[in-house]
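A quick write-up on the structure given underneath.
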Amino acid sequence: MDLSSKSGGGRTGYNPVLIILGTVVVLVGGYLISLLSPSLFPLAASAEAGPIDQLFRVMLFLGGVVFVLVEGLIILSIVRFRARKGEAGDGANFNGNVTLEVIWTAIPAVVVVFITLYSYQVWVDIQAPKDDELVIETEGLRFVWSFSYTDPLNRLAEADTQNFTDSVLHTYVGRPVRLKMETRDVNHAFWVPTMRIKQDLLAGRQTEVAFTPTEAGRYRIVCTELCGGGHGAMYSYIQVYATEQEWMERFIDVRVERILNPPTDPLTVGFNLLNENAYPCSGCHVLESVNWAGVTGPTLNGIGDTAARRASANGLGGAEEYIAQAIRHPNAYIVPGYNSGVMPQFGAEQDEPDAVDGAYYVYMSDDSLTAIVTYLCLQTATGESACGDEAAIRAAVEAQ
Ligand code: HEC
Ligand SMILES: [Cu+2]
């Protein structure tokens with residue numbers, strides 16, 4: 001391990017063979033780190049994952065080289081310059097080495113400029129407009145995501161509406177997607193690890209993110225900007241269908257049909273709204289009959305029975321009144337053990353400003369609420385509705 005060989009006059013020269021050997025060890029070490037750590041990356045489900053992961057590998061290589069170099073020199077120094085038996089004094093004192101300082105400034109400067117140019121180019125390529133993009137207006141609000149769709153076949157022209165929203169992002173393999181994102185309240189950040197995309201939503205302006213799914217499946221969307229008490233609950237999913245046809249049949253057609261020929265039976269309507277995540281409840285509540293698994297709020301399994309108990313304990317007319325109030329005015333009664341201000345307010349006015357009674361506002365018509373209450377009233381141990389008849393439920397909704 002003798003790196004230096006004394007030459008005349010007390011100067012210290014270094015053995016070139018050992019320096020070359022050290023360089024090889026450092027480069028191979030960096031390469032191994034860049035080769036092995038990507039096994040920790042999540043599944044890659046978009047076209048953008050290729051260039052992003054490559055950028056990561058390059059940075060892991062550079063970081064790996066620095067890591068092996070620094071750790072190697074520390075270990076070398078511990079061994080080579082340790083205090084030998086009988087040595088009690090301080091070691092020799094060195095300071096100032098212009099050559100070394102120039103090298104350790106110049107190399108990192110070049111590396112940093114290289115990473116800047118390289119990553120900027122990757123970003124520009126990803127954000128560049130592509131042919132035939134599926135543009136989806138995206139809204140973030142405390143603590144939910146909302147995506148807005150138009151019918152590609154323009155069948156909605158005859159109905160009163162142009163588009164419809166969903167709390168899940170539905171798309172399909174191979175179609176470039178561009179999200180135009182706005183926030184209704186504070187800053188949020190849209191992150192989909194499997195798609196390798198991440199973009200802030202900034203108050204007062206529109207931001208965009210683009211990606212092209214390559215693998216069918218259901219992927220998690222996460223908010224990564226601490227946006228308040230329910231931030232941890234602010235997640236949703238991207239549902240990627242295998243083909244455009246499947247996307248049309250299983251999502252667009254179903255929703256368009258429902259707008260054009262709405263079912264009239266409130267129970268069916270309520271089940272459809274909840275089962276298809278027309279509103280963002282599934283991120284926060286468990287309800288087995290529609291496959292919800294959120295744990296931020298109380299479970300809604302058996303909510304008919306719970307509501308009947310809470311209604312009589314709180315002097316409300318009946319279970320229907322309790323459930324309607326819990327959705328229209330979530331802060332009017334707080335379930336013990338939970339915090340106020342977490343559940344958004346599902347209000348009756350379409351363009352209500354934010355922060356009505358301390359919660360955040362999502363529009364829900366009286367018809368939708370009546371249907372949802374009807375469905376939730378049936379979540380009882382016996383399977384019998386805990387509420388009154390249709391007229392009683394509608395009256396409870398309208399009284400809110
Ligand atoms: C961001 C999280 C979040 C979302 C989204 C959310 N909730 Fe809640 N919900 C809560 C929390 C937390 C509570 C308990 C605190 C309270 O009473 O407001 C709650 C309470 C309730 C209750 C009362 C439960 C009981 O045991 O008394 C009902 C009913 C309810 N939510 C229904 C819904 C429905 C329906 C939706 C969708 C339309 C929804 N929630 C969306 C978090 C959420
Ligand atoms: Cu958020």
Side-chain angles (χ1 to χ4, degrees), residues 138-146 165-167 181 183-191 198-203 221-236 270-271 273-287 289-290 292 294-314 316 319-347 357-365 368-377 379 386-387 396-397 400:
T138 301
E139 194 173 59
L141 68 156
R142 298 173 31 162
F143 302 97
V144 296
W145 298 103
S146 167
T165 63
D166 198 290
S167 62
M181 306 194 292
T183 165
R184 279 261 289 277
D185 39 56
V186 300
N187 291 1
H188 299 279
F190 182 90
W191 182 38
K198 192 167 183 223
Q199 172 64 51
D200 282 5
L201 283 73
L202 302 172
I221 299 168
V222 187
C223 177
T224 53
E225 192 78 63
L226 183 55
C227 54
H231 165 68
M234 190 165 168
Y235 68 81
S236 181
F271 172 76
L273 290 173
L274 300 184
N275 191 44
E276 287 160 12
N277 299 305
Y279 298 96
C281 323
S282 61
C284 294
H285 290 289
V286 169
L287 183 54
S289 57
V290 286
W292 295 351
V295 293
T296 310
T299 173
L300 298 185
N301 289 337
I303 181 67
D305 296 328
T306 323
R309 258 188 287 117
R310 296 221 162 102
S312 62
N314 292 283
L316 294 175
E320 62 271 33
E321 205 173 319
Y322 176 82
I323 298 178
Q325 177 187 282
I327 298 171
R328 271 279 189 265
H329 302 287
N331 292 342
Y333 168 81
I334 300 299
V335 177
Y338 293 88
N339 291 325
S340 70
V342 174
M343 175 159 159
Q345 180 185 17
F346 293 88
D357 59 87
Y360 289 81
Y361 201 92
V362 180
Y363 170 62
M364 184 188 279
S365 69
S368 295
L369 182 55
T370 304
I372 288 171
V373 173
T374 307
Y375 181 76
L376 292 179
C377 284
Q379 306 305 308
C387 305
V397 164
Q400 296 301 316

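For ligands, and for the atoms within them, numbers begin at 1 and follow the listed sequence. Sequence positions, counted from 1, serve as the residue numbers for this chain.
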Problem set entry | Plane angle bin for Y375 and F271 - parallel if under 30°, tilted between 30 and 60°, otherwise perpendicular | tilted

Exercise. Would you find a donor on one side and an acceptor on the other, under 3.5 Å apart, between the side chain of S236 and the backbone of S167?
Worked result: yes

Problem set entry | Heteroatom N/O/S of C223 within less than 2.8 Å of the Cu ion (ligand 2) | yes

Exercise. Do any of the N/O/S atoms of M234, backbone or side chain, fall under 2.8 Å from the Cu ion (ligand 2)?
Worked result: yes

Exercise. Counting only heavy atoms, which portion of F346 has something under 4.0 Å from ligand 1: side chain, backbone, both, or neither?
Worked result: side chain

For this session: Please indicate whether any nitrogen or oxygen in Y279 is less than 3.5 Å from any nitrogen or oxygen in ligand 1.
Result: no

For this session: Dump the intermediate steps for side chain to side chain contact (heavy atoms under 4.5 Å, CB included) on S282 and V290, then the final yes or no.
Result: CA-CA 9 Å; S282 61; V290 286; over 6 Å; no

For this session: Look at atom 15 (C) of ligand 1 and say which protein heavy atom is nearest, naming residue and atom and giving the distance to 0.1 Å.
Result: Y338 CB, 3.7 Å

Problem set entry | Minimum-distance atom from the Cu ion (ligand 2) among N, O or S atoms of H188 | ND1

For this session: Work out which heavy atom in Y235 is nearest to a heavy atom in G232; give both atom names and the distance.
Result: CD2-O, 3.9 Å

Exercise. Looking at ligand 1, does M234 have a heavy atom less than 4.0 Å from it?
Worked result: no

Problem set entry | Residue part near ligand 1, for P344, under 4.0 Å between non-hydrogen atoms | side chain

For this session: Report the nearest protein non-hydrogen atom to atom 27 (O) of ligand 1: residue, atom name, distance rounded to 0.1 Å.
Result: Y322 OH, 2.4 Å

Exercise. Quick one: does R184's side chain have a donor or acceptor within less than 3.5 Å of a partner on Y361's backbone?
Worked result: yes

Exercise. If you round to the nearest 0.5 Å, how far is OG1 of T138 from CD of Q199?
Worked result: 11.5 Å

Exercise. With no hydrogens and no angle check, is any side-chain donor or acceptor of W292 less than 3.5 Å from a backbone partner on L274?
Worked result: yes

Exercise. Side chain or backbone of I303 under 4.0 Å from ligand 1, or both, or neither, by non-hydrogen atoms?
Worked result: side chain

For this session: Considering only non-hydrogen protein atoms, determine which one is nearest to atom 13 (C) of ligand 1 and report residue, atom name and distance to 0.1 Å.
Result: P298 CD, 3.3 Å

Problem set entry | Shortest heavy-atom approach to atom 17 (O) of ligand 1 - which of I372, I327, V335 | V335

Exercise. Do we see a donor-acceptor contact under 3.5 Å between the side chains of S340 and N331?
Worked result: no

Problem set entry | Identity and separation of the nearest protein heavy atom to atom 22 (C) of ligand 1 | A326 CB, 3.9 Å

Exercise. To the nearest 0.1 Å, how far is atom 25 (C) of ligand 1 from its closest protein heavy atom, and which atom is that?
Worked result: R310 NH1, 3.0 Å

For this session: State whether the side chain of R328 and the backbone N or O of Q345 hold a donor-acceptor pair below 3.5 Å, judged by distance alone.
Result: no

For this session: Go through ligand 1 atom by atom and flag the ones less than 4.0 Å from a non-hydrogen atom of M364.
Result: 38 (C)

Exercise. To the nearest 10°, what's the angle at atom 8 (Fe) of ligand 1 between atoms SD (M343) and NE2 (H285)?
Worked result: 180°

For this session: Any atoms of ligand 1 less than 4.0 Å from a non-hydrogen atom of G297? List them with their elements.
Result: 10 (C), 11 (C), 12 (C)

Seminar exercise, completed: among protein heavy atoms, the one nearest atom 3 (C) of ligand 1 is C284 SG, 2.7 Å

Exercise. What protein heavy atom sits nearest atom 28 (C) of ligand 1, and how far off is it?
Worked result: L300 CD2, 3.8 Å

Problem set entry | Expected output: side-chain H285 to main-chain P298 donor-acceptor under 3.5 Å | yes

For this session: Look only at the side chain of N187 and the backbone of C227, and say whether a donor-acceptor pair between them is shorter than 3.5 Å.
Result: no

Seminar exercise, completed: To atom 36 (C) of ligand 1, the nearest of C281, P330, A332, P280 on a heavy-atom basis is C281

Exercise. Under 3.5 Å, is there a donor-acceptor pair between the side chain of S146 and the main chain of E139?
Worked result: no

